Amino acid sequence: MAYKDLRAFLEKLEIEHQLVRVHDEVMPEPDIAAAGRAAPNIDNGPAVLFEKIKGYHNPAVVNVHGSWANHALMLGMPKNTTVKEQFLELDRRWSKFPVKPHWVSSGPVKEVVIKKEINLFEILPLFRVNQFDGGFYISKALVVTRDLDDYDNHNKQNVGTYRLQVKGKDLLGIQALPFHDIGIHLRKAEELNEPLPVAICIGNDPVLTFMASTPIAYDQSEYEFAGALRQEPVELTKSETGDLDIPAGAEIVLEGYIIPRVRSVEGPFGEFPGSYSGARLQAEIKIHTITHRIKPIFENLYLGIPWTEIDYLMALNTSIPLYRQIKESMPEVAAVNAMYTHGIGTIISTKSRFGGYGKAVAMRLLSTPHGMPYAKIIIVVDEFVDPFNLQQVMWALTTRVRPDKDVILIPNAPGMPLDPTSEPPGMSTKLIIDATTPVAPDVICRETELLATPPKAAEWEKIIRHLMELSNKGVDK
């Protein structure tokens, strides 16, 4: 099931009891961020929609992606679908890429057009995500830019999620790191000393938000991938300026340009590793046009010590691309779990072709575009170990690892600057733990025979799940 826009998804969440509405007036701080922190602490935590916010005209919603139940519903699957089942379904749909978008002349996002007296504070119910953030942040928007060297190439148009600090009525700060696609676009623009057109799209179909956080190739279209995952085309329209493709059903679009060769202090900001990132010199965006729906919903994201919404949002959309990239050259790989802090911690399950193969698989992860800077702690387990089941992973660690042979450190490697252990920022020591069963020519000093799963265990798992569902519904069977 595909959702036309954020509002359609919120309706589905409400039907499935995965959305709560707060009717009473709340303070923007600390109430909204506090709810964004609290909701993921609840099993299958709901999205939280604030209808009245003191000092603002428009509503806000947080935790839209903040549980595995919501994640499954985003994919049109039952809300009790397991994580591994969601992984396998995403992998199946990944093969449908590309699904070309459908362009329309206009859309709900153009219901209101503002080109004079821009004031972000009039439109967005802004709040600090964490107490000591350097200011108000937009943390869950699609940022659309194009490659100035190949402007008409739709595949090189980037749709990414980057943190945006509100610095004034029409001014934003943006973190555009060099290894991000927007960093490539910005570098090319600054070589020409030209402004880089940008469209910041807030409040979108949940699959579009999912794809904007996904590490795919530079010349692959996030919109075409979203079409594959939605199982129908994304509906796009053109921005008022800059010839950028934007979701026709977005709630709000901020149009402007990144000012070339200008940097100013941005931050600190509470980031996904669960700590403040500090203040750095970052690029700035000048906003000159705003389009939005009538009574637009401001969707924002809480980031904090895991798990929070960002961990659900970036979990499988990090795991699937890494799985695909590794499996292309190592077909024995069975699954990749890169759910932990955007892949800083990654677990891979693989069948070993020969001795030391688990270590080779880990090295391959470290050569992927995302794994190279992000992956720091890599655990490799056998193909019969479910990498999404931490109890099984711990079993592999405690019964397969030979510390003198299977633990490897790689110093002075590329790292993620936001990782607080990265020293200097952007460099890290990698840790590989090979928890696979030794195979020849590795020395096998002791044969092990695995216990078999009892017959009909899978059948009984289905029966028990069904009985639990009936119990939750108050049906006595």
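Small disclaimer: the values here were computed from a predicted structure and weren't measured. For the numbers below, each heavy atom of this structure counts, side chains included, while hydrogens, waters and symmetry mates do not. For reference, positions follow the sequence shown, starting with 1.
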For residues 30-42, run the donor-acceptor check on the side chains, cut-off 3.5 Å, and write out each pair with its distance to 0.1 Å, sequence neighbours left out.
{"residue": "Asp31", "atom": "OD2", "partner": "Met27", "partner atom": "N", "Å": "2.9"}
{"residue": "Arg37", "atom": "NH1", "partner": "Ile305", "partner atom": "O", "Å": "2.7"}
{"residue": "Arg37", "atom": "NH2", "partner": "Asn41", "partner atom": "OD1", "Å": "3.0"}
{"residue": "Arg37", "atom": "NH2", "partner": "Trp307", "partner atom": "O", "Å": "2.9"}
{"residue": "Asn41", "atom": "ND2", "partner": "Arg37", "partner atom": "O", "Å": "3.4"}

Is it the case that [X] and [Y] place a side-chain donor and acceptor less than 3.5 Å from each other?
{"X": "Asn130", "Y": "Tyr302", "value": "yes"}
{"X": "Ser221", "Y": "Lys156", "value": "no"}
{"X": "Arg400", "Y": "Thr436", "value": "no"}
{"X": "Glu85", "Y": "Thr82", "value": "yes"}
{"X": "Gln392", "Y": "Asp386", "value": "no"}

Nearest heavy-atom pair of [X] and [Y]: which atoms, and what distance?
{"X": "Leu19", "Y": "Pro46", "answer": "N-CB, 3.9 Å"}
{"X": "Asn70", "Y": "Ala47", "answer": "ND2-N, 3.8 Å"}
{"X": "Pro273", "Y": "Pro420", "answer": "CB-CD, 3.9 Å"}
{"X": "Ser277", "Y": "Leu418", "answer": "CB-CD2, 3.5 Å"}
{"X": "Leu366", "Y": "Gly371", "answer": "CD2-O, 3.9 Å"}
{"X": "Ser422", "Y": "Met416", "answer": "CB-O, 3.4 Å"}

Would you call [X] and [Y] a salt bridge, using N to O less than 4.0 angstrom?
{"X": "Glu251", "Y": "Arg7", "value": "yes"}
{"X": "Asp382", "Y": "Lys351", "value": "no"}
{"X": "Glu309", "Y": "Lys140", "value": "yes"}
{"X": "Arg92", "Y": "Glu89", "value": "yes"}
{"X": "Asp205", "Y": "Lys4", "value": "no"}
{"X": "Asp91", "Y": "Lys327", "value": "no"}
{"X": "Glu266", "Y": "Arg280", "value": "no"}
{"X": "Asp434", "Y": "Lys359", "value": "yes"}

**OP:** Kindly indicate, with the supporting measurements, whether the criterion side-chain contact (heavy atoms from CB on, under 4.5 Å) is fulfilled by Ile15 and Leu13.
**Re:** CA-CA 5 Å; Ile15 291 169; Leu13 292 181; over 6 Å; no
Any side-chain heavy atom of [X] sitting closer than 4.5 Å to one from [Y]?
{"X": "His370", "Y": "His342", "answer": "yes"}
{"X": "Pro321", "Y": "Thr214", "answer": "yes"}
{"X": "Pro125", "Y": "Pro28", "answer": "no"}
{"X": "Ile246", "Y": "Leu236", "answer": "no"}
{"X": "Val144", "Y": "Val198", "answer": "no"}
{"X": "Leu142", "Y": "Glu222", "answer": "no"}
{"X": "Met74", "Y": "Phe9", "answer": "yes"}
{"X": "Val333", "Y": "Val336", "answer": "yes"}

**OP:** Could you walk me through whether Lys100 and Val234 pass the side-chain contact (heavy atoms from CB on, under 4.5 Å) test, one step at a time?
**Re:** CA-CA 8 Å; Lys100 299 290 184 182; Val234 173; over 6 Å; no
Evaluate the ring planes of [X] and [Y], with Trp represented by its six-membered ring, and classify them as parallel (under 30°), tilted (30 to 60°) or perpendicular (over 60°).
{"X": "Phe225", "Y": "Trp94", "result": "tilted"}
{"X": "Tyr312", "Y": "Trp68", "result": "perpendicular"}
{"X": "Phe354", "Y": "Tyr357", "result": "perpendicular"}

Exam field: side chain [X] to backbone [Y], donor-acceptor pair closer than 3.5 Å:
{"X": "Lys167", "Y": "Gly135", "value": "no"}
{"X": "Asp442", "Y": "Pro438", "value": "no"}
{"X": "Arg230", "Y": "Tyr3", "value": "yes"}
{"X": "Asn317", "Y": "Met211", "value": "no"}
{"X": "Gln18", "Y": "Asn44", "value": "yes"}
{"X": "Arg93", "Y": "Leu229", "value": "yes"}
{"X": "Ser67", "Y": "Gly45", "value": "yes"}
{"X": "Arg402", "Y": "Lys405", "value": "no"}

What's the spacing between [X] [atom1] and [Y] [atom2] if we round to 0.5 Å?
{"X": "Gln165", "Y": "Arg163", "atom1": "CD", "atom2": "CZ", "answer": "8.0 Å"}
{"X": "Asn337", "Y": "Ile379", "atom1": "CG", "atom2": "CD1", "answer": "9.5 Å"}
{"X": "Tyr223", "Y": "Asn155", "atom1": "OH", "atom2": "CG", "answer": "13.0 Å"}
{"X": "Asp147", "Y": "Arg187", "atom1": "CG", "atom2": "CZ", "answer": "9.0 Å"}
{"X": "Leu49", "Y": "Ile297", "atom1": "CG", "atom2": "CD1", "answer": "6.0 Å"}
{"X": "Ile310", "Y": "Leu301", "atom1": "CD1", "atom2": "CG", "answer": "5.0 Å"}

Original post:
In terms of heavy-atom contacts, does CH2 of Trp395 have more than 12 from other residues, nucleotides or ligands at under 6.0 Å?
Top reply: yes
Original post:
For Glu332, does the CD atom sit with more than 12 other heavy atoms under 6.0 Å from it, leaving out its own atoms?
Top reply: yes
Subject >> With Glu16 via salt bridge (charged side-chain N to carboxylate O under 4.0 Å, His left out) - residues at least two apart >> reply: Lys12
Original post:
Between Gln157 and Thr145, is a side-chain contact (heavy atoms from CB on, under 4.5 Å) present by the stated rule, with each step listed?
Top reply: CA-CA 6 Å; Gln157 178 176 243; Thr145 56; over 6 Å; no
**OP:** Could you pull out all residues at least two apart from Glu11 that satisfy side-chain hydrogen bond (donor to acceptor under 3.5 Å, both in side chains)?
**Re:** none
Centroid-centroid under 6.0 Å between [X] and [Y] rings:
{"X": "Phe210", "Y": "His65", "result": "no"}
{"X": "Phe50", "Y": "His23", "result": "no"}
{"X": "Tyr137", "Y": "Phe127", "result": "no"}
{"X": "Phe388", "Y": "Phe87", "result": "yes"}

Original post:
Between Thr350 and Ile326, does a side-chain contact (heavy atoms from CB on, under 4.5 Å) hold up when you go through it step by step?
Top reply: CA-CA 11 Å; Thr350 184; Ile326 301 170; over 6 Å; no
